[in-house]
Novice: 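Sharing a structure below in C-alpha cells format, with a few things to ask.
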There are 2 protein chains.
Amino acid sequence: MDVGEPLVPAATVARLPLYLRSLEQLGEDDVATVSSSRLAELAGVNAAKLRKDLSHLGSYGTRGVGYQVPNLAAQIRYELGLDEVSPVVVIGLGNLGQALANHAGFGDRGFPIVALVDVDPAKVGTRIGSMTVAHLDDLARIVTAHDVQTAIIATPVGAAQAVCDQAIEAGIVSVLNFAPTVLQVPEGVALRPVDLALELQILTYYRPRVGRRDENVRLLG
Amino acid sequence: MDVGEPLVPAATVARLPLYLRSLEQLGEDDVATVSSSRLAELAGVNAAKLRKDLSHLGSYGTRGVGYQVPNLAAQIRYELGLDEVSPVVVIGLGNLGQALANHAGFGDRGFPIVALVDVDPAKVGTRIGSMTVAHLDDLARIVTAHDVQTAIIATPVGAAQAVCDQAIEAGIVSVLNFAPTVLQVPEGVALRPVDLALELQILTYYRPRVGRRDENVRLLG
DNA sequence: ACGACTTTGTGAGCCAGTTCACAAAGGTTG
DNA sequence: CAACCTTTGTGAACTGGCTCACAAAGTCGT
C-alpha cells in the first residue's frame, strides 16, 4: 500500500469530499482530533468503510486516539487536488446558469467563478453579480487568460454538445453538465452529469406509495 | 420474475429516469420503436445492463424489433410513480433557492413548484416568478392545501436540519437536500442529497494533473 | 411456409465494493 | 513500567452489480 502511487477506487473518491466537508466543520469548532466512528457518523457512512477509504490514501491516524482534523483534511485536499484554487467558467445563463453564477458555495469551496459565457445577444454584455457576460466566441481567450480548466454547462439540451466540444477545444478538461442530456467527451476529459429533475424522479420511486411494496423506503447515498 | 411484485435494485432505479429521458426525446421525433443497443447508446450505458434493468420491471420488448417507445416510457413512468404530477415546495430562497424556484426543468418533468417558503422577513411576501414567498410557519397549511409530498431544501447549512424536521412534521415524505450537510430523516421518508461543490471536487480528482497517475481519467456516472 | 436475420431475456462467471471482526498499535493511568 | 483501554488498519467473507455470451423468440423477405 504505497508502491509508486496507490490507486484510489472510484467509490472512495466520491466519498472523500464528504469527509472533507465534515472535517472542515469540525475544524471551525476547533476540534483537534476525531475518531473514525465519529467522523463516519457526521458523514453518514459506516465507520469501517471510512477507515478503509482513508487507508487508500495511506493516511495515518493514531490508534487509541483517531485522526488529526487539520492533518487529515489537508491529506484529502491533496489527494483530490484541492490544494490549489480552480477557477470555473459558467456557460449558458438561463435561470439555472444565473443562479449557479451567483452561488456562493462554489467560491467558498475553492471554485471561484471567473467568467460567464452565453450566445444570446440580449445577455452578452449584461452584468450578473460582479461579472459581465461574454460571448461564447471569446471562450478560448478567457480560458487561456484565467487558466480555467473547469466549465459548468447550463445551456439548453440542444446546444449542450456543441458548447461542450467548443469548451474542450478551448482547453477545458473538466466539465460539470447540468443540461439533461448525455454528453460525449474525448479521453482525458473528466465529465460529471447533474440532472436535477432526475433526482426528483428517483426520489419518487422511494417515496412511500399506497398499493406498492414500500419496504425499501429509506435514505440513499 | 413476477411473484407478488418484483423488487427493483437501487442501481437500476437510479438509471430508469435516464432511459425515460432518452425515450421522451425519441418520442418527440416520432420514433416508434428502439433497440436496446440504440437506447443504451443514447443513455450512455452498456446494452446488456439496460436489458437487465428493463427485465426487472417485467417489460416486454419484441425480439428482432426492440421496444415500443411510448409503451416503454409509460412502463418506466409507472414503475417510478411518475404517472401523476407531484407538486413541490422550495424551502430557503437564497441564490440557489431562487434559481430552483424559477427553473423550468422541474415543472416540465412533472414536478411543478407550487410554493416558496423562507424565514427571512425581508423575503416573505416578495414575489419570485409567479409566486409569493410564504413564511416557514405556514408550511403545514401549504403542504395540506396543495397535497405536497416533496420538498427541496436550499437553506444555509445551519438551518437545514431544523427545517427538514419541520417539513416532515408538516407531512413531507420526500426531500431533495441542496444544503451541504448530512440530514437525518426518520424511517419512511426518502432523502437525496445534492452537493454542487462536492461534484466539482470529485471532478478535480479525475482532471488530468501533472505528476500524478492519471490513467483513470474518464467520464463517470 | 420457411430460412435468414435481428434482438431480446437471462444464466453464469466475474469484479468491485461493503461489512465483519480482530490483531496490532498507541495512549493513559496507577 | 506494566496492565488496560481505545481505536486503527486490514485480511477474509460476503453482497450486489456488471459483463459476457448465447439460446429462444420474433420479424421479414421470398
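A, B, ... follow the sequence lines: proteins, then strands. Residue 1 opens every chain. If you're wondering where the values come from, they're calculated on a predicted model, not measured in any experiment.
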Novice: How about A/Q161 and A/D165: does a side-chain donor come under 3.5 Å of a side-chain acceptor?
Specialist: yes

Novice: Toward the 5' end of DNA chain D, which comes first, A/G64 or A/R51, by nearest nucleotide?
Specialist: A/G64

Novice: Please examine the side chains of B/L42 and A/V182, heavy atoms only from C-beta on, and report whether any two atoms are closer than 4.5 Å.
Specialist: no

Novice: So which of A/L72, A/L20, A/L16, A/L23 actually passes side chain to side chain contact (heavy atoms under 4.5 Å, CB included) with A/R77?
Specialist: A/L20

Novice: Can you tell which of C/dT8, C/dC22, C/dG27 lies closest to the side chain of B/S36?
Specialist: C/dT8

Novice: Please compare A/T12 and B/L54 by the position of their nearest nucleotide in DNA chain C and report the one closer to 5'.
Specialist: B/L54

Novice: What is the distance, rounded to the nearest whole Å, between atom CG of B/L72 and atom P of C/dT8?
Specialist: 11 Å

Novice: Check whether any side-chain nitrogen or oxygen of A/Y67 sits under 4.0 Å from OP1 or OP2 of D/dG9, and answer yes or no.
Specialist: yes

Novice: Using whole Å, report how far OH of B/Y60 lies from C1' of D/dT27.
Specialist: 19 Å

Novice: If you check every side-chain atom of A/K52, which of C/dA12, C/dT8, D/dT10 has the closest atom?
Specialist: D/dT10

Novice: Do A/P17 and B/I202 have side-chain heavy atoms sitting under 4.5 Å apart?
Specialist: yes

Novice: Let me know the distance between CZ of A/R38 and P of D/dT6, rounded to the nearest Å.
Specialist: 18 Å

Novice: For B/R21 and A/T181, does a side-chain donor sit closer than 3.5 Å to a side-chain acceptor?
Specialist: no

Novice: Between C/dT18, D/dG17, C/dG26, which nucleotide has the shortest distance from any of its atoms to the side chain of A/K49?
Specialist: C/dT18

Novice: Tell me which nucleotide among C/dC20, C/dT18, D/dT19 gets nearest to the side chain of B/N46.
Specialist: D/dT19

Novice: Could you tell me the separation between the NE2 atom of B/H56 and the C1' atom of D/dG17, rounded to a whole number of Å?
Specialist: 9 Å

Novice: In whole angstroms, how far is the P atom of C/dT18 from the CG atom of A/D53?
Specialist: 7 Å

Novice: Whole-Å distance between D/dC18 C1' and B/L50 CG?
Specialist: 13 Å

Novice: Figure out the CZ/P separation between A/R15 and C/dA16, and round it to whole Å.
Specialist: 15 Å

Novice: Hey, which sits more toward the 5' end of DNA chain D by its nearest nucleotide, B/A48 or B/R63?
Specialist: B/A48

Novice: Output the rounded distance in Å from CD (A/Q68) to P (D/dT7).
Specialist: 14 Å

